[in-house]
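Hydrogens, waters and symmetry mates play no part in the numbers below; they use all other heavy atoms, side chains included. Indexing begins at 1, ligand by ligand and atom by atom, following the structure's order.
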Amino acid sequence: MNPREATDAQPLVLVADDDSATRFLIHKALEQAGLSVLDAENGAQALTLFEAHRPHIVLLDVMMPQMDGFAACAAIRRLPRGATVPILMLTGLDDLDSIKRAYEAGATDFAAKPINWLVLSHRVRYLLRMGRVLEDLAASEARLAAAQRIAHLGNWEWNLRTDAWYWSDELYRLLGYQPREIMPGIERFLERLHPEDREAVAQIIECSRREQGAYGVEFRVRLPDGAVRYLHAQGEVVGDERGDPAKLSGTIQDVSARKQAEDQISFLENYDKLTGLPNRVRFKERLDQALATAKRQTQKLAVLVLDLDRFKRVNDTMGHSLGDRLVQAVAKRIEACVSEDSPPRVGAFARLGGDEFSLLLPDLKHPADAAAVSRRILEALSKPFRLEAQEVFITASVGIGRYPEDGSDCEALLKNADTAMYHAKGAGGNGYRLYDHSMNAAAFERLTLENGLRRALERGEFLLYYQPQIEIQSGAIAGAEALLRWRHPELGLVPPDRFIPLAEETGLILPIGEWVLRTACAQALAWRRAGLPPVRVAVNLSARQFRDETLAESIAQALRLAELDPQGLGLEITESVIMQNASGTVNTLQELKRMGLSISVDDFGTGYSSLSYLKRFPIDVLKIDRSFVRDLATNPDDAAIASAIIAMAKSLKLDTVAEGVETEEQLAILRQYGCRLVQGFLFSKALPAEEFEVLLREQKWRRAASE
Ligand code: C2E
Ligand code: MG
Ligand code: MG
């Protein structure tokens with residue numbers, strides 16, 4: 001370390017005087033007093049030495065060449081450590097003008113020449129002590145300012161007698177000023193306050209001043225750039241020695257971060273993040289309020305629950321992020337549609353979760369108004385949505401619950417609107433339903449079935465029954481249709497018509513369908529292994545399965561598992577499913593066909609397809625729907641249709657099966673038309689596998705039919 005560098009142990013004095021004799025004498029006197037001394041011949045040199053050695057005190061002669069003492073003093077004051085260092089000016093005796101100028105230049109004190117050496121060293125010591133105190137004070141002020149900056153905390157004082165104000169630097173910043181930019185004062189403070197908070201805060205301050213009480217208040221300030229900051233102020237009255245109120249003093253802290261967190265929490269509790277709409281909690285609150293008003297003023301109101309149809313499919317095929325975007329787009333569209341002026345007024349619009357929304361119509365004049373809103377929304381949704389260059393079509397189902405007819409509290413109204421919504425869905429979707437009391441039983445059954453259906457597979461409650469298909473000419477059993485049965489633990493044997501639509505809607509049809517395929521394949525192989533005559537087992541495919549991309553793969557797997565020749569398996573697909581997406585269907589059918597499977601069009605005649613249209617599809621068999629067979633003997637129209645179907649099928653080289661043959665008469669007509677296969681109660685209903693096996697062994701119709 002440089003021995004001339006200032007140390008705490010031995011304070012360093014910088015002496016600047018152009019007179020070498022004076023310099024020498026000062027030097028000696030101070031050294032004798034135990035101080036280290038640096039000499040400079042003029043102001044400029046003093047400045048250089050000050051920067052290099054950082055002395056604890058500076059003695060400056062007034063008159064010096066190059067740079068005089070005043071200029072040197074002012075220059076030191078501008079240096080980083082120079083602001084607080086004690087500077088003693090050596091002036092001529094009675095030179096009042098110099099003394100005045102010395103103070104103006106920032107000198108701490110002066111000593112008049114000629115110098116009293118004894119007094120000088122004492123004075124230097126005294127100034128050194130004062131310098132240390134000042135330095136400590138400056139350091140502690142800096143620490144306080146830093147602490148305030150970190151804590152976003154400012155403090156202030158208001159002298160009630162002189163009306164003088166003090167603001168800390170941080171307080172200036174909190175209020176959006178530069179430190180010391182302006183004279184602090186109550187007007188300058190109130191000026192920054194948010195207009196809505198100004199009056200209240202002014203009153204609190206005034207009140208605290210009058211009543212000498214403490215206060216705490218939260219308010220907003222508006223910064224020059226328009227940003228809003230939340231501040232918390234605390235203050236109290238400080239009394240003088242006699243206890244009379246002298247000052248008001250306090251702190252102001254920036255609580256914007258806390259406020260933001262609070263807002264965030266309240267947002268999360270009450271709003272849906274995806275759409276920004278109120279959530280279920282908030283909706284219920286609003287509904288409760290509206291119900292209270294409606295009860296007081298004997299008004300009516302309605303709750304609408306809206307759910308997107310087959311939204312799960314959108315999610316499955318397009319991915320969840322696009323699914324989310326669709327939900328957002330739907331929310332926007334509904335919002336735009338209900339914010340039109342046309343009555344009735346919509347009191348709240350919320351997202352209940354997933355793809356489910358709800359609306360509140362307070363003060364409903366007429367139930368038709370709720371229906372009108374529903375229609376308007378459905379209409380708005382019917383236009384395609386554009387998502388990432390894709391056009392998406394979506395429909396929705398709406399259920400309406402009304403107060404007072406359908407319930408008097410929030411829970412009941414929402415539940416019943418929900419039930420009505422499910423009925424709208426059950427009717428095919430893209431529609432609305434007003435709740436009525438008969439809906440509850442159906443909803444209950446649906447719920448029971450749906451819950452049961454989820455467990456039925458695991459619990460082995462499904463069975464396959466087999467119904468024979470007989471060749472009219474020979475009477476031989478040529479095939480079997482596998483028909484699904486559900487043995488419900490409480491409801492008994494549930495027919496497929498009651499649970500297949502539900503399984504389709506919930507997506508459970510996929511695992512169930514796979515089970516059907518595997519079981520049917522295994523059964524076909526078992527009969528073959530048992531040496532029974534070969535029969536083709538036909539399995540029904542639902543629309544959902546048919547659209548499933550993994551269909552071909554899971555069929556191939558079922559065949560592999562059972563080591564079954566594809567010839568042994570047939571697939572039945574209804575006419576309407578085939579027609580739904582004609583171009584996609586051709587591809588799927590071709591793929592299945594290439595695998596060697598036989599494909600039947602089920603329930604043929606109930607759709608709108610012309611036979612020639614069917615030519616485009618690679619199919620093998622037409623199954624004439626039961627409704628044409630039923631009145632074959634009595635209704636000439638049906639007979640004509642059946643006859644035409646069979647004739648045209650023949651020309652297209654398609655096989656025909658007539659379904660639901662119950663009488664000899666029907667059979668005779670079908671034989672006459674040239675239908676090859678029949679299936680119906682006349683021969684047998686669908687039977688458990690063991691009983692079907694008996695039929696296979698007996699072949700009891702063989703001879704009889706060929707006679
Ligand atoms: P479907 O494919 O048209 O099956 C023929 C239906 O007609 C069967 O009803 C059968 O029992 C019935 N039936 C047969 N002969 C006669 C008759 O002479 N008179 C009358 N009145 N009915 C007759 P089931 O078993 O109740 O099946 C109903 C529908 O459920 C089936 O119609 C089919 O669409 C569907 N289904 C059955 N099993 C499955 C399956 O494993 N998967 C799928 N996706 N759907 C299935
Ligand atoms: Mg069928
Ligand atoms: Mg059928």
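Of all the heavy atoms of K623, none lies under 4.0 Å from any atom of ligand 1, so neither backbone nor side chain is involved. Counting heavy atoms under 4.0 Å from ligand 1, residue D603 touches it through the side chain alone. The backbone and the side chain of S542 each have at least one atom closer than 4.0 Å to an atom of ligand 1 (non-hydrogen atoms only). By the criterion of a heavy-atom distance under 4.0 Å, the side chain of Q467, and not its backbone, is placed next to ligand 1.
Looking at Y435 and V303, their side chains never come closer than 4.5 Å, going by heavy atoms from C-beta outward.
Closest approach between the Mg ion (ligand 2) and any N/O/S atom of E481 involves OE2. Of all N/O/S atoms in D602, OD2 sits nearest the Mg ion (ligand 2).
Applying the 6.0 Å contact sphere to CD of E665 captures no more than 12 heavy atoms from other residues, nucleotides or ligands. Around atom CD of E549, no more than 12 heavy atoms belonging to other residues, nucleotides or ligands sit under 6.0 Å away.
Every salt bridge (Lys or Arg N to Asp or Glu O under 4.0 Å) that K593 has, sequence neighbours left out, goes to D620.
The aromatic rings of F499 and W486 lie perpendicular to each other, with more than 60° between the two planes, well past the 30° mark. The aromatic rings of Y466 and F692 lie tilted to each other, with the angle between the two planes from 30° to 60°.
When L541, L464, L483 are checked for heavy-atom proximity to atom 31 (C) of ligand 1, L483 turns out nearest. When the heavy atoms of P501, P496, A503 are ranked by distance to atom 35 (C) of ligand 1, first place goes to P496.
Geometrically, ligand 1 and Q679 share no nitrogen or oxygen pair separated by less than 3.5 Å. For F681, a nitrogen or oxygen atom sits less than 3.5 Å from a nitrogen or oxygen atom of ligand 1, counting backbone and side chain alike. Here's the thing with L484: one of its N/O atoms is less than 3.5 angstrom from an N/O atom of ligand 1.
Screening residues 496-512 for salt bridge (charged side-chain N to carboxylate O under 4.0 Å, His left out), with sequence neighbours left out, gives E445-R498, R446-E505.
For a distance bound of 2.8 Å, the N, O or S atoms of E572 include one lying that close to the Mg ion (ligand 2). For the Mg ion (ligand 2), the N/O/S atoms of N540 include one lying under 2.8 Å.
Q679 and Q469 share a side-chain donor-acceptor pair at under 3.5 Å.
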